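Scope of the values below: all heavy atoms of this structure, side chains included, with no hydrogens, waters or symmetry mates. A quick note: this is a predicted structure, and the numbers were derived from the prediction, not measured.
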Amino acid sequence: MRTPAPRPSRRSLLALGSAAAAAPVLGATPAHAGTGRGRVPDAPDGFDELDIAELRRRMADGRLDAAGQLDDLPGQVVVQIYEFKREINAYLSGAAGDVPRSLAELIEFNRENADRELRYVRQDGLETVHRLEFGEAEYREALGVNHRLSRAEGIDAVLRRYRLDALVMPTSGPPAKIDLIRGDAYGGGSSTPAALAGYPAVSVPAGFAFGLPVGLTFMGTAWSEPTLLRPAYAYERATAVRRPPEYRAPDVGL
């Protein structure tokens with residue numbers, strides 16, 4: 001007997017017309033793109049050349065205390081750098097085999113093997129993370145601001161005001177091709193609020209744009225996974241748009 005798809009909650013789901021930009025990515029940049037001096041790829045405007053003093057000034061600027069400015073929070077960068085630096089060092093220090101034991105050793109290994117490791121990308125992001133240092137007090141302050149704006153004054157405020165179970169929005173734009181010269185294109189995303197809050201979000205297939213998959217995200221408050229899974233599963237069963245992934249022949253268009 002076929003199991004019927006569960007009904008979504010009777011309360012409305014709020015569809016957001018535009019997706020927020022995802023949190024900045026700390027990683028590698030194309031090997032041929034610009035000078036890359038101190039650059040963090042895909043960081044918010046104003047953070048191409050990261051400066052600790054400027055970050056601290058902006059963290060203390062009350063004008064940034066608005067939930068509508070989540071994508072421009074200096075605290076995003078502070079928290080990412082603080083957590084990534086410590087977690088990558090902890091991981092490498094206990095990794096099995098003959099591997100670099102710290103971020104500093106990883107950077108040096110890449111330099112010594114640049115013909116292989118840095119042939120197509122540089123390691124600007126790793127070097128920036130290694131260069132910058134934030135104390136625990138600064139981290140806790142930034143984390144607190146991130147949580148306040150994304151939780152009580154962000155997701156929770158919208159759910160409470162409109163009496164909703166979940167927020168529904170496009171997951172991101174269609175995936176882009178790998179570009180070894182200019183770097184990967186980024187079409188936006190909706191992960192920032194949930195990522196900053198530490199709240200659950202589930203993405204399901206929503207269809208295709210120019211033959212490329214796009215998704216729909218269901219986002220909610222803390223511990224709302226069961227609430228999110230019901231409408232997400234019902235939507236996925238009702239639309240049945242997923243197709244098995246496949247390789248496309250190289251071309252110059254989409």
Side-chain angles (χ1 to χ4, degrees), residues 1-25 42 44 64-73 75-76 78-80 83-84 87 139-175 186-209 212-245:
M1 179 181 297
R2 181 179 178 182
T3 303
R7 291 178 176 269
S9 170
R10 286 179 294 176
R11 276 194 261 175
S12 300
L13 299 173
L14 179 65
L16 302 183
S18 59
V25 178
D42 300 324
L64 290 173
D65 285 357
Q69 299 182 20
L70 290 180
D71 295 318
D72 193 36
L73 284 179
Q76 285 197 57
V78 175
V79 171
Q80 276 199 337
E83 292 183 348
F84 177 80
E87 292 299 324
Y139 165 71
R140 295 294 178 187
E141 178 185 359
L143 188 64
V145 172
N146 290 354
H147 283 170
R148 174 172 58 83
L149 295 181
S150 60
R151 293 177 177 180
E153 299 179 21
I155 294 174
D156 292 335
V158 176
L159 294 175
R160 183 170 56 252
R161 178 177 178 180
Y162 296 101
R163 301 178 64 186
L164 304 171
D165 291 313
L167 307 180
V168 184
M169 63 206 75
T171 299
S172 66
Y186 176 63
S190 58
S191 63
T192 296
L196 291 180
Y199 282 0
V202 56
S203 179
V204 297
F208 292 82
L212 298 171
V214 292
L216 195 68
T217 288
F218 296 77
M219 186 181 299
T221 189
W223 313 112
S224 63
E225 286 88 344
T227 300
L228 298 179
L229 288 173
R230 286 195 294 269
Y233 178 68
Y235 177 88
E236 189 173 24
R237 289 289 300 272
T239 56
V241 295
R242 182 188 180 276
R243 297 200 299 258

message: Quick check: closest heavy atoms across L159 and L167, and the distance to 0.1 Å?
response: CD2-CD2, 3.8 Å

- prompt: For R140, which residues count as a salt bridge (charged side-chain N to carboxylate O under 4.0 Å, His left out) partner, sequence neighbours excluded?
  reply: E136

statement: Separation between CG (L196) and CG (L143), nearest 0.5 Å, reads 9.5 Å

- prompt: Counting N and O atoms only, with roles assigned by atom type, does the side chain of S190 sit under 3.5 Å from a partner on the main chain of P170, one being a donor and the other an acceptor?
  reply: yes

- prompt: Could you give the distance from CZ (R242) to CZ (F208), rounded to the nearest 0.5 Å?
  reply: 8.5 Å

- prompt: Can you find a pair of side-chain heavy atoms, one from F218 and one from V204, that are under 4.5 Å apart?
  reply: yes

- prompt: Is there side-chain contact between V79 and Y139, with at least one heavy-atom pair below 4.5 Å?
  reply: yes

query: Heavy atoms, side chains only, cut-off 4.5 Å: are T192 and Q76 in contact?
result: yes

- prompt: Can you name the closest pair of heavy atoms from A194 and P200 and give their distance?
  reply: CB-O, 4.5 Å

- request: Locate the shortest heavy-atom distance separating P175 from L212; write the atom from each residue and the value.
  value: O-CD1, 3.4 Å

- line: Nearest heavy-atom contact between G207 and V241 is N-CG2, 3.5 Å

field: Donor-acceptor pair, side chain of T171 and main chain of L216, under 3.5 angstrom
entry: yes

message: So which atom in I155 and which in M219 form the shortest heavy-atom distance, rounded to 0.1 Å?
response: CD1-SD, 3.7 Å

message: Would you compute the distance between atom OG1 of T217 and atom CE of M169 and round it to the nearest 0.5 angstrom?
response: 6.5 Å

message: Using the side-chain hydrogen bond (donor to acceptor under 3.5 Å, both in side chains) criterion, which residues pair with S224? Sequence neighbours excluded.
response: none

- request: Run the numbers on V202 and Y233 for side-chain contact (heavy atoms from CB on, under 4.5 Å), then give the verdict.
  value: CA-CA 10 Å; V202 56; Y233 178 68; over 6 Å; no

query: Which atom names give the shortest non-hydrogen contact between V214 and A209, and what distance separates them?
result: CG1-CB, 4.2 Å

